Q: 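One structure is given below, represented as structure tokens, and several questions about it will come after.
Computed over heavy atoms, backbone and side chain alike; hydrogens, waters and symmetry mates excluded. Model, not experiment: these values are computed from the prediction.
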Amino acid sequence: MKLKLKVKRPEEIQPLIGGDERISTKKASLESLFILANEIREKCEDYTISDYLVSKSQFFGDCCGHGVLDYLISDEDKRSSALSEFSLGQLCVKLGIPTRYIQRCMNAGEFDLASENVNTWLRSYPKSLFIREYDSGIRAVLSNRYSVLDTHDILEVLGESLPLDEYTIKGYFLSPERFHARIVQREMINIEGEDLYAGIQIDSSDVGRSTLVARFMLFKQICTNGLCIAKSKGTLFVQKHIGIDKDEFRDSFSRSLSNIPLLIDNAVSFVEAARKDKNAFAVKNLNEEQMKQFINRVKENSKLSEDGVNKVIDLMGEKYDFSRWGFVNSLTEVAQMYSLERRIEIEKYAGNILVA
């Protein structure tokens, strides 16, 4: 199915850059996200800067942002654009300068010191750069090896490959920097006592923040928990933004959809086994020292704080049960408290617990 620009974009869906990234559960369609992605694209420009022109670039620290970069796209054509927090970090990494140090200089009002450090290494940088702008600001500083496969391309492939009448969007995040979507089947998985749906989790970035990944996921309707089945058991497609193109993604993703029925069958087995597994997670029976060891183990593996782990344990007792499945559900519910990056990490950990 070819996505067309006929659907009015919901007003609540807005492009973001920086800020607190959290998955939205407001109603949206693939078509409306495609419209937003194209609106973002219309405000974007890309420039490849030769090593000769990179050496003539100049960085200026400022008091209210992340610096400004003056750069030439030809001997006669100069641009002056503000850097985002992420693109400043990319520039500093390429130059071998600690990003926190440069930002600290600017925060302290030492703008000349920040500028001198960056410009010293810009003058001798031996490679070309690929600069991506959004709304006249720099959203990415990449190498010329970066392959462009942006959010609107990905959404177009999804529209062509997925039977849209069988799927619905249950969560998304879309900005000039990042794209994440949870696309879930409308038909519930047949597991007695569970409101689980199979789905696909898509994660990508137009600025090099993440690899393009499509993973099989489980979605719990009643509390909007998402459970990512990671590793080889659930990865449908994965590719860095190097040497990638839309046709390759379309072909590989379309082929991978044929694995969904098998993945659902596997998920049913995983869930049923986890519901019966009550030995390692019967934390209500632990003494003080054993509980401390359990909390420390979960903290280490999930990177949750002690307060976060205690919330997981409370949910097991109050809402779920003291089984491996209860632990997994409690983890994914607590994950909703966190930003996109951390939430995905916690859900991956929960997925690994499920398939262990």
Q: Should Leu83 and Tyr146 be counted in the same cluster of Ile, Leu, Val, Met, Phe, Trp and Tyr side chains packed under 4.5 Å apart?
A: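 Result: no, two separate clusters.
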Q: Counting only N and O atoms by type, is there a donor-acceptor contact under 3.5 Å from the side chain of Ser87 to the main-chain atoms of Ile138?
A: yes
Q: Do we see a donor-acceptor contact under 3.5 Å between the side chains of Tyr320 and Glu333?
A: yes
Q: Taking the six-membered ring where the residue is Trp, are the ring centres of Phe179 and Phe173 under 6.0 Å apart?
A: no
Q: Ignoring hydrogens and angles, state whether a donor on the side chain of Trp325 or Glu272 is under 3.5 Å from an acceptor on the partner side chain.
A: no
Q: Using 4.0 Å as the upper bound for N to carboxylate O, is an ion pair formed by Arg104 and Glu110?
A: no
Q: Using a strict threshold of under 4.0 Å (side-chain N to carboxylate O), is an ion pair present between Lys311 and Asp314?
A: no
Q: Donor-acceptor pair, distance only, cut-off 3.5 Å: does the side chain of Glu187 make one with the backbone of Asn190?
A: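 Checking the backbone N and O of Asn190 against the side chain of Glu187, no donor-acceptor pair under 3.5 Å is found.
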Q: Return the set of residues passing side-chain contact (heavy atoms from CB on, under 4.5 Å) with Asp153 (not counting sequence neighbours), or none when no residue passes.
A: Leu149, Asp150, Lys246
Q: Verify whether the ring centers belonging to Phe281 and Phe327 lie closer than 6.0 Å.
A: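 Yes, they do, as the ring centres are separated by less than 6.0 Å.
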Q: Do His180 and Asp203 pair up side chain to side chain, a donor and an acceptor below 3.5 Å, judged on atom types alone?
A: yes
Q: So does Arg139 pair up with Glu177, basic N to acidic O under 4.0 Å?
A: no
